[in-house]
Amino acid sequence: MDHFHYKENELFAEEVSLKDVAEKYGTPTFVYSKATLERHAKAYINSFKSMDGLVCFSVKALSNISILKTLKNSGCGFDIVSGGELHRALLAGADPKKIIFSGVGKSKAEMVAGIENDILSFNIESEQELDQLGMVAAEMKRIAPVAIRFNPNVDAGVHEFTKTGRKSDKFGVSIETAKDLIKNCSENSNLNLVGLTCHIGSQIMELNAFEQAAKQALELLVELDKLNINLDFIDMGGGLGVSYVGEETVQPIELIQCYEKIFSGRSERLILEPGRSISANAGVMLTKVEYKKNDFLIADAAMNDLLRPALYQAHHDVWPVTKNNGAMQSAVNLVGPICETGDFLATNIDSESLKGDLLAVKTVGAYGFVMSSNYNSRPRAAEIIVDKDKFYLIRKREDYSSLTALEEGLDGQV
Ligand code: LLP
């Protein structure tokens with residue numbers, strides 16, 4: 001459930017008219033609802049019953065510091081995948097003991113930063129990565145906390161690019177290798193094995209694949225019991241799908257109940273790393289129709305602002321900011337000004353919009369702004385957060401000087 005709704009014919013985020021936001025800050029602009037973010041974080045946090053739970057919001061989904069602060073204040077920790085995300089989480093005031101470092105390619109510098117900041121765990125994805133972490137920790141005369149990411153070889157039934165739990169994917173290690181790495185950890189005094197982890201994909205619409213992965217995790221835990229190896233946590237990653245066009249979704253409480261049932265009687269903590277299911281429905285992107293031509297609405301936002309439709313053929317609903325009760329035209333394509341035929345925000349939508357109208361592209365709070373770029377030398381959009389009847393700029397719109405700020409001419413001048 002989100003807090004975007006019509007009052008009369010005007011679209012509001014909580015108690016703020018989106019027309020007012022566009023008037024003040026222009027378009028394209030991402031607008032997030034604080035109440036929606038908090039509600040979704042609580043939907044996870046309040047669902048743990050028999051297990052001690054920790055929700056580590058996946059920073060890659062939406063990384064603005066003000067958003068991270070909001071989620072931290074709701075009780076979330078963070079799942080990070082880069083030194084940059086660590087920097088952001090720390091700036092947001094995150095408790096390092098609630099930070100998990102995931103990802104297949106952590107650099108030495110990133111390992112040093114994680115150890116220096118005393119994070120909860122490095123989720124390790126290969127033997128070489130584990131070796132390198134051991135060496136980095138030894139050089140620093142420290143002990144690095146480790147969770148092994150196993151690959152359960154399950155197909156999460158989602159878009160090819162967002163499946164991560166099959167044997168053929170680059171993520172995690174097989175159960176057999178996981179056992180070897182666990183052994184390596186116990187033989188290395190600079191490594192401390194604290195957990196077991198997996199993440200099978202994103203935008204998953206059924207419990208089945210989560211269940212299969214959890215059962216394999218349980219089998220491994222039972223084997224470790226026999227070896228007297230005890231872990232602090234089991235981290236089942238993120239992946240819960242959201243509704244883009246009214247699809248039925250699994251609720252966080254159902255997912256957590258499913259895990260609690262499988263892990264019943266175990267003493268490990270349960271960590272989850274949701275991204276999309278917390279932030280996707282908390283954001284819209286405001287864009288203005290610049291022109292109308294045949295069945296094209298040409299917007300001032302483009303694939304550089306929202307890449308998902310072009311990259312994954314993802315569908316996002318598009319709502320008018322003001323309903324005009326004009327004549328509906330069907331099979332309209334909302335496209336941007338970028339010089340690529342693949343530059344579309346939505347295809348085959350029904351729309352009454354005309355030149356100058358404002359539109360809200362929905363469900364862009366996850367993998368929206370964070371995947372934006374400066375392609376075609378387009379400055380990145382502004383970001384706004386709405387809190388009840390107030391709205392705040394949380395990232396300025398870039399301007400032309402931001403586009404060239406880091407460039408240097410051959411003669412040292414631009
Ligand atoms: N944990 C790990 C290790 C991950 O790789 C991811 C997402 C998450 C947690 C959070 O997953 P979520 O709960 O958001 O599904 N750009 C794609 C999605 C890529 C997801 C990458 N990993 C999209 O726009 O659909």
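All ligand and atom numbering here is 1-based and tracks the order in the structure. As the structure is a prediction and not an experimental result, all values here were calculated from the model.
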Can you tell me which portion of [X] lies within the under-4.0 Å heavy-atom range of ligand 1? Options are side chain, backbone, both, or neither.
X: Glu125; result: neither
X: His199; result: side chain
X: Ala61; result: neither
X: Asp79; result: side chain

Open item on the list: Within the supplied structure, the quantity of interest is the number of heavy atoms (other residues, nucleotides, ligands) at a distance under 6.0 Å from Tyr392 OH; does it exceed 12?
Closed with: yes

- [ ] Please check if atom CD in Glu206 has more than 12 non-hydrogen atoms from other residues, nucleotides or ligands closer than 6.0 Å.
- [x] no

Counting from 1, what ligand 1 atoms have a heavy atom of [X] closer than 4.0 Å?
X: Pro274; result: 13 (O)
X: Gly238; result: 9 (C), 13 (O)
X: Arg149; result: 3 (C)

Open item on the list: I'd like to know whether Gln216 forms a side-chain hydrogen bond (donor to acceptor under 3.5 Å, both in side chains) with Asn153, so could you lay out the CA-CA distance, the side-chain angles of the two residues, the decisive distance to 0.1 Å, and finally the verdict.
Closed with: CA-CA 10 Å; Gln216 292 189 41; Asn153 195 20; over 6 Å; no

Open item on the list: I'd like to know whether ligand 1 has Met371 as a neighbour, heavy-atom separation below 4.0 Å.
Closed with: yes

Open item on the list: Can you tell me if Gly239 contacts ligand 1 (heavy atom of the residue under 4.0 Å from the ligand)?
Closed with: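 For ligand 1, residue contact (heavy atoms, under 4.0 Å) with Gly239 is present.
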
Open item on the list: Apply salt bridge (charged side-chain N to carboxylate O under 4.0 Å, His left out) to residues Lys292 and Asp357 and explain how you reach the verdict.
Closed with: CA-CA 10 Å; Lys292 190 163 188 228; Asp357 284 356; over 6 Å; no

For [atom], find the nearest protein heavy atom and state the residue, atom name and distance (0.1 Å precision).
atom: atom 24 (O) of ligand 1; value: Arg308 NE, 2.6 Å
atom: atom 15 (O) of ligand 1; value: Ser202 OG, 2.4 Å
atom: atom 1 (N) of ligand 1; value: Glu273 OE1, 2.6 Å
atom: atom 4 (C) of ligand 1; value: Lys60 NZ, 3.1 Å
atom: atom 17 (C) of ligand 1; value: Tyr312 OH, 3.0 Å

Open item on the list: Suppose we call two aromatic rings close when their centres sit under 6.0 Å apart. Are His159 and Tyr312 close by that rule?
Closed with: yes

- [ ] For this output row, return yes or no: ring centroids of His316 and Tyr244 closer than 6.0 angstrom.
- [x] yes

Open item on the list: I'd like the name of whichever of Phe101, Tyr367, Phe57 reaches closest to atom 7 (C) of ligand 1 through any heavy atom.
Closed with: Tyr367

Task: Derivation of the side-chain hydrogen bond (donor to acceptor under 3.5 Å, both in side chains) call for Thr287 and Asp300 - done: CA-CA 6 Å; Thr287 179; Asp300 64 358; 2.6 Å; yes

- [ ] Could you please spell out the steps behind the side-chain hydrogen bond (donor to acceptor under 3.5 Å, both in side chains) verdict for Ser353 and Ser351?
- [x] CA-CA 5 Å; Ser353 301; Ser351 174; 3.1 Å; yes

Task: Closest contact, heavy atoms only, Leu286 versus Ala360 - done: CD2-CB, 4.1 Å

Task: salt_bridge(Arg149, Asp235) N-O dist < 4.0 Å - done: no

